[in-house]
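Below, read A as the first sequence line, B as the second, and so on, with proteins coming before strands; counting in each chain starts at 1. Bear in mind the structure is a predicted one, so any value in this text is a computation, not a measurement.
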2 protein chains.
Amino acid sequence: MTILRSSHRLPAATPERGIPDATVARLPVYLRALNALIEQGIGTCSSNDLAAQAGVNPAKLRKDLSHLGSYGTRGVGYDVEYLSYQIAREIGQTQDWDVVIVGVGNLGSALSAYQGFSTRGIRVAALVDTSPERIGTEISGITVSALEDLAAIVAEREIAIGIIATPGDAAQTVADALVAAGITSILNFAPALVQVPDGVDVRKVDLSIELQILAYHEQRKAGIDTVDAE
Amino acid sequence: MTILRSSHRLPAATPERGIPDATVARLPVYLRALNALIEQGIGTCSSNDLAAQAGVNPAKLRKDLSHLGSYGTRGVGYDVEYLSYQIAREIGQTQDWDVVIVGVGNLGSALSAYQGFSTRGIRVAALVDTSPERIGTEISGITVSALEDLAAIVAEREIAIGIIATPGDAAQTVADALVAAGITSILNFAPALVQVPDGVDVRKVDLSIELQILAYHEQRKAGIDTVDAE
DNA sequence: TCGATTTTGAGAACGCGTTCACAAACTCTT
DNA sequence: AAGAGTTTGTGAACGCGTTCTCAAAATCGA
């Protein structure tokens with residue numbers, strides 16, 4: 001059964017630049033769900049099927065996909081492989097992205113060995129640290145370089161994404177070094193917020209805060225139990 | 001459904017329970033900013049000062065704080081220590097929270113040694129794994145237990161929060177075990193979504209997706225450079 | 001060919017969160 | 001004591017994202 005890719009879109013249609021942030025954040029989830037379907041040998045799926053796999057509302061899924069174009073077929077659904085490719089292309093996963101990790105303490109080391117990256121087009125290309133004891137050692141098959149060599153490494157390997165995995169007080173220094181080296185996208189694991197110039201994207205992952213949010217809700221659950229009788 | 005908890009000072013105000021999720025997620029950020037101010041020896045601050053420290057809009061900060069109560073003084077600002085305590089109390093950081101980490105691979109090990117937890121009232125109380133080679137070994141000063149012993153450990157130590165740091169295919173099994181053991185809050189680092197019964201909170205941190213989102217924007221920047229002449 | 005059925009794509013309504021704008025409340029100076 | 005200056009707390013406007021809903025487009029069976 002061949003799925004018609006409902007004709008070509010308009011040649012000069014809106015460049016469709018500007019997918020909502022919330023949608024962008026979910027596209028990788030859909031991609032993962034589609035890959036799961038591919039592994040199950042499923043060739044076509046409805047928005048209901050895919051939404052169930054991805055854990056979202058079917059209407060939301062369709063709205064999200066509609067921002068990319070019309071890749072489904074009414075009355076039929078989506079061709080799994082075709083849609084998978086379209087999303088991959090949209091989020092730039094048809095190419096590999098080299099990243100540099102700054103700070104190879106416990107977290108940085110764990111990230112350098114993280115299995116989940118390679119299958120999603122992420123390749124840890126370099127490790128950097130400031131500690132003399134760490135520089136020159138090999139972690140996950142990569143030799144740790146000095147922070148001074150960052151710019152050269154970034155230029156040579158065409159690295160566009162940097163990961164900050166240092167303690168909080170080093171974060172701004174590292175961010176400055178990354179920006180100076182030409183990095184324009186930063187993932188910050190340090191418990192500190194960093195200032196960067198316009199044009200540089202920073203995403204922050206704060207492990208403590210995630211747990212603190214859970215603790216708030218946990219406290220609230222406990223409070224309901226004990227206070228309700230009041 | 002609505003939780004009535006009479007506050008000691010509000011006579012006929014709204015139940016006041018039910019702080020918006022977006023606000024809850026920012027309270028730990030404010031708390032960190034306030035602690036930074038305390039270390040600088042600053043006793044009072046305006047919403048402008050604190051907002052700058054926390055990296056948010058002053059109006060948003062005030063709106064957030066207004067959900068907790070009126071802890072500021074017009075024309076003056078906020079007492080740093082007092083506000084710090086009020087936020088800490090609100091998000092349950094006046095007590096320590098014990099957590100169990102399931103999966104002591106690279107990521108789980110790194111989390112067990114993470115310095116940022118202890119200062120925020122998070123204590124890693126137990127480590128669990130399924131691998132016979134890991135069970136019984138000591139990591140960050142904690143002996144790794146078997147998954148079968150999870151329920152006993154959770155009960156004994158009164159652990160309320162569990163962290164999943166396993167590969168994706170083990171995540172659901174682990175989540176089921178955590179729920180069976182009485183855990184009601186889960187932080188999931190595995191690249192898979194887990195199903196849990198009502199009443200159990202799950203937060204998900206997906207390292208690959210964070211990088212994929214950055215890669216999307218990175219790709220877009222590159223596209224603008226080459227396509228757009230603006 | 002035609003009607004019944006399935007499913008997408010998108011307009012519209014809705015809700016939540018952010019930002020604006022300002023009165024109220026406080027301090028400080030004269 | 002009173003006016004000028006500050007800053008909070010909050011109602012209102014706004015914008016983004018989610019959800020509802022349904023016409024349009026496709027398949028299938030007779």
Side-chain angles (χ1 to χ4, degrees), chain A residues 1-10 13-14 16-27 29-30 34 37 42-80 82-83 86-87 90 213, chain B residues 1 7 9-10 12-14 16 18-27 29-30 34 37 42-80 82-83 86-87 90 213:
Chain A
M1 181 185 299
T2 5
I3 297 298
L4 305 172
R5 35 155 58 162
S6 55
S7 70
H8 243 279
R9 290 302 88 193
L10 306 163
T14 6
E16 197 57 42
R17 290 289 153 189
I19 297 175
D21 288 346
T23 297
V24 170
R26 282 187 294 267
L27 289 179
V29 178
Y30 302 154
L34 285 165
L37 292 176
I42 295 172
T44 306
C45 69
S46 67
S47 62
N48 264 297
D49 302 336
L50 185 54
Q53 268 286 331
V56 301
N57 183 304
K60 189 191 287 187
L61 171 71
R62 290 201 302 273
K63 181 67 87 179
D64 282 342
L65 295 183
S66 76
H67 288 114
L68 312 189
S70 288
Y71 296 134
T73 309
R74 296 177 188 219
V76 179
Y78 300 93
D79 180 284
V80 174
Y82 180 61
L83 182 59
Q86 292 299 341
I87 294 178
E90 189 69 37
I213 294 169
Chain B
M1 202 67 87
S7 182
R9 45 172 52 203
L10 300 173
T14 27
E16 192 58 41
I19 297 175
D21 288 346
T23 296
V24 170
R26 281 187 295 267
L27 290 179
V29 178
Y30 302 153
L34 285 166
L37 292 177
I42 295 171
T44 307
C45 70
S46 68
S47 62
N48 264 298
D49 301 337
L50 185 54
Q53 267 288 329
V56 302
N57 184 303
K60 189 191 286 186
L61 171 71
R62 290 201 301 275
K63 181 71 87 178
D64 283 342
L65 294 183
S66 76
H67 289 113
L68 312 189
S70 287
Y71 296 134
T73 308
R74 297 178 188 215
V76 179
Y78 301 93
D79 181 284
V80 174
Y82 180 62
L83 182 59
Q86 292 300 340
I87 294 178
E90 188 69 38
I213 293 169

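Between B:Tyr78 and C:dC26 there is no side-chain polar atom (N or O) within less than 4.0 angstrom of OP1 or OP2.
Between A:Leu61 atom CG and C:dG9 atom C1' the separation is 12 Å, expressed in whole Å. Remark: P of D:dT8 and CG of B:Asp79 are 13 Å apart, rounded to the nearest angstrom. A:Leu65 has its CG atom 8 Å from the P atom of C:dG9, to the nearest Å. Regarding A:Arg74, its CZ atom lies at a distance of 14 Å from the P atom of C:dT7, rounded to whole Å. Distance CD (A:Gln86) to P (C:dT8): 17 Å, rounded to an integer number of Å. Rounded to an integer number of Å, the gap from CZ of A:Arg62 to C1' of D:dC22 is 11 Å. As rounded to whole Å, 11 Å separates atom P of C:dG11 from atom NE2 of A:His67.
A:Ser47 and A:Leu61 make their closest contact through O-CD2, 3.3 Å (heavy atoms, listed as atom of the first residue, atom of the second, distance). Across every non-hydrogen atom of A:Ala51 and A:Asn57, the tightest pair is CB-C, 4.0 Å. Of all heavy-atom pairs spanning B:Glu90 and B:Ile19, the tightest one is OE2-CD1, 3.3 Å.
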| request: Start with the C-alpha distance between A:Leu65 and A:Tyr78, add both sets of side-chain angles, then the distance that settles side-chain contact (heavy atoms from CB on, under 4.5 Å), and finish with yes or no. | output: CA-CA 10 Å; A:Leu65 295 183; A:Tyr78 300 93; 3.7 Å; yes

| task | Go through the steps to decide whether A:Thr44 and A:Thr73 satisfy the test side-chain contact (heavy atoms from CB on, under 4.5 Å), and finish with yes or no. | result | CA-CA 10 Å; A:Thr44 306; A:Thr73 309; over 6 Å; no

| Should A:Gln86 and A:Leu68 be marked as a side-chain contact (heavy atoms from CB on, under 4.5 Å) after you check the CA-CA gap, both sets of side-chain angles, and the distance that decides it? | CA-CA 8 Å; A:Gln86 292 299 341; A:Leu68 312 189; 5.6 Å; no

| query | For A:Val29 and A:Val56, what are the C-alpha separation, side-chain angles and deciding distance, and is it a side-chain contact (heavy atoms from CB on, under 4.5 Å)? | reply | CA-CA 10 Å; A:Val29 178; A:Val56 301; 5.6 Å; no

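Considering B:Leu37, B:Ile42, B:Leu34, B:Asn48 in turn, B:Leu37 is the only one that fulfils the side-chain contact (heavy atoms from CB on, under 4.5 Å) rule with B:Gln53.
Distance CG/B:Asp79 to CG/B:Leu83: 8.5 Å, rounded to 0.5 Å.
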N/O contacts under 3.5 Å, protein versus nucleotides 13-19 of chain D?
from	atom 1	to	atom 2	distance (Å)
D:dT18	OP1	A:Arg26	NH1	2.7
D:dT18	OP2	A:Arg26	NH2	2.8

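In the region residues 45-54 of chain A, proximity to DNA chain D at under 4.0 angstrom, judged on heavy atoms, holds for none of the residues.
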